[in-house]
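Values below: all heavy atoms of this structure, side chains included; hydrogens, waters and symmetry mates excluded. Keep in mind that this is a model prediction, so the values were computed, not measured.
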Amino acid sequence: MSAGVLGAADRTVRPAAPAGSFGRFVADAARAGRLVVQPRMGFSDLRRMRAGLERTRFAAATTVGTVTIDSYTRVGAYDAAHRALVEGTPLNGYPIVAYPVETTRTLLAGVHDESFPVQVRHGSSQPEPIIRALAAAGLHATEGGPVSYCLPYGRTPLRESVRNWARASELLAELAPGTAHLESFGGCLLGQLCPPGLLVAVSLLEGLFFARHGITSVSLSYAQQTDPAQDTEAIRALHRLAAEFLPATVDRHVVLYTYMGTFPTTARGARRLLAASADLAVRAGAQRLIVKTVAEAHRIPTVAENVEALETAAATASVTDPEVDPAGEESVYREARRLVEAVLDLDDDPGRALHAAFRRGYLDVPWCLHPDNAGRSRSFIDDAGRLRWSAVGRMPITATASAQQPAMSSARLLSALHTVARTYDQ
């Protein structure tokens, strides 16, 4: 790869992120033509968590570290997380609120620095205690959002999640002035079977929400879906809309997630899908990639499996040429822009606008059962492998299903959910 090509999709001139910040690290790597790769890793055992960070740092790749939080902490059950530590019960992530601050500082000492930023990943609609804990430990990067860490994860009212995330964003900006970084999870939502226009729109709207509440460095996410050409179009649309809507003072980059849905069950299929995501990231201009592993369909991956995934993705990226100034369709861009404009027309405040948009059905996530989601939208995979709308409810966009499109039965839905896994396993 030639230097600087990873950011070719977005040439907007804007201030550089401060030295030592998460955003600056990614920007510097992109200018050097390197894709930043990152695991989804978290352990309650301190030795294992430390080993995961160390091996990620020294992998044969350009990496950033991850501390993924456990389920008890995500839902605010801090006493349960602390009790598990006392009893020696393993958790499915790092209980950053239950551990003393000094414990986390010791965990990070000698591994976290300007050359190896670490991001805290969690999944909470009530993130303030997590943000206080990570900032106290010397970290300044995390992710989530008022919609993307509310609708897929539980039944917290959206209005409450918006309030929580407004306070938390302002708190992070205050506790980590200049270096605070927030990544929107909006490009993932339920992980699969969501047409890209909605993913792009929600990710951008959450980025605007963060900026409104004092965050000056953001990343906008997109999850690999069913069709590489459609995914490429979506990532470019996200770059374009970010340049059009985000304040010029906000540092930003795009992060791609390796497919978040049902994963291939064979090691060969999993590696092929991971390589395809790295190829997509480079060709479309994403600057960071969240990887998945060969164990994804079966269990929580080991540290070694995470490192293998990082190095596989980096090796693929190193031999992939980006597409500079490619011509292509703009259907995802047009759909996402219509959604963004419809939401922003509802209120000058992005948080109130997001809440109103879901209340009116202007945003409607297919297959999402949250009480604040209208639940009238439906999607399908067309014969070319692209995600399409069969029903849009009250969203200001158009369904694309033909009269010949069969109704979505439970069997057809199950088959659609396994499309990507089946394709790569074969």
Side-chain angles (χ1 to χ4, degrees), residues 38-53 56 65-101 103-104 107 118-134 136-137 139 141-158 160-161 164-165 168 182-186 188-192 221 223 257-258 260-263 290-293 295-303 305-306 365 367-372:
Q38 180 178 0
R40 300 163 66 245
M41 183 191 299
F43 308 104
S44 55
D45 180 81
L46 292 170
R47 291 182 182 179
R48 198 176 181 198
M49 188 71 253
R50 174 74 181 201
L53 291 171
T56 296
T66 303
V67 174
T68 298
I69 304 305
D70 68 288
S71 296
Y72 283 138
T73 302
R74 293 177 191 180
V75 299
Y78 310 120
D79 289 342
H82 184 266
R83 187 162 56 252
L85 292 180
V86 171
E87 296 173 353
T89 304
L91 298 172
N92 64 346
Y94 184 79
I96 195 168
V97 177
Y99 270 129
V101 171
T103 298
T104 304
L107 171 75
V118 174
Q119 183 191 44
V120 172
R121 307 186 65 85
H122 52 93
S124 178
S125 60
Q126 39 190 330
E128 188 172 334
I130 295 171
I131 285 176
R132 289 189 183 279
L134 70 88
L139 299 175
T142 187
E143 44 83 54
V147 172
S148 60
Y149 267 8
C150 175
L151 265 63
Y153 287 106
R155 300 178 68 84
T156 301
L158 182 58
E160 181 181 332
S161 180
N164 292 344
W165 273 95
L182 266 176
E183 171 196 323
S184 165
F185 196 67
C188 300
L189 289 178
L190 293 178
Q192 56 192 325
S221 66
Y257 285 68
T258 300
M260 295 284 284
T262 304
F263 220 66
I290 309 292
V291 306
K292 295 184 84 171
T293 74
E296 215 66 44
H298 308 289
R299 54 176 167 74
I300 295 175
T302 64
V303 171
E305 287 163 341
N306 273 289
V365 182
W367 320 111
C368 175
L369 301 178
H370 191 281
D372 287 328

Which side chain to side chain donor-acceptor pair (under 3.5 Å) pairs, counting each pair once, include a residue from residues 42-51, with sequence neighbours left out? Arg50-Glu54
Phe185 meets the ring pair (Phe, Tyr, Trp, His ring centres under 6.0 Å) criterion, sequence neighbours left out, with Tyr149, Tyr257
What are the two closest heavy atoms between Leu158 and Pro146, and how far apart are they? CD1-O, 3.4 Å
Give a yes-or-no answer on whether the side chains of Asn92 and Ser71 include a donor-acceptor pair shorter than 3.5 Å. yes
In sequence, state the C-alpha distance, the side-chain angles, and the governing distance for Arg299 and Glu305, and then conclude on side-chain contact (heavy atoms from CB on, under 4.5 Å). CA-CA 11 Å; Arg299 54 176 167 74; Glu305 287 163 341; 2.6 Å; yes
Verify the distance criterion only: is there a donor paired with an acceptor across the side chains of Gln119 and Thr66 at less than 3.5 Å? no
Does Tyr99, at its OH atom, have more than 12 non-hydrogen atoms belonging to other residues, nucleotides or ligands within less than 6.0 Å? yes
Take Ser161 and Ser125, measure what side-chain hydrogen bond (donor to acceptor under 3.5 Å, both in side chains) needs, and give me the verdict at the end. CA-CA 5 Å; Ser161 180; Ser125 60; 5.1 Å; no
Main chain of Val291, side chain of Gln38: is a donor-acceptor contact present, judged purely on distance under 3.5 Å? no
If you look at every heavy atom in Gly144 and Ser148, which pair is closest and at what distance? O-OG, 3.4 Å
Is Ile130 close to Leu134 at the side-chain level, that is, under 4.5 Å between some pair of heavy atoms? yes
Can you tell if the side chain of Leu85 reaches within under 4.5 Å of the side chain of Pro95, non-hydrogen atoms only? yes
All heavy atoms of Ala84 vs all of Leu91, minimum pair found to be CB-CD2, 3.6 Å
Salt-bridge test for Arg40 and Glu296: reply yes if a basic N is under 4.0 Å from a carboxylate O, no otherwise. yes
Any chance you could measure Ile131, atom CD1, to His122, atom NE2, to the nearest 0.5 Å? 6.0 Å
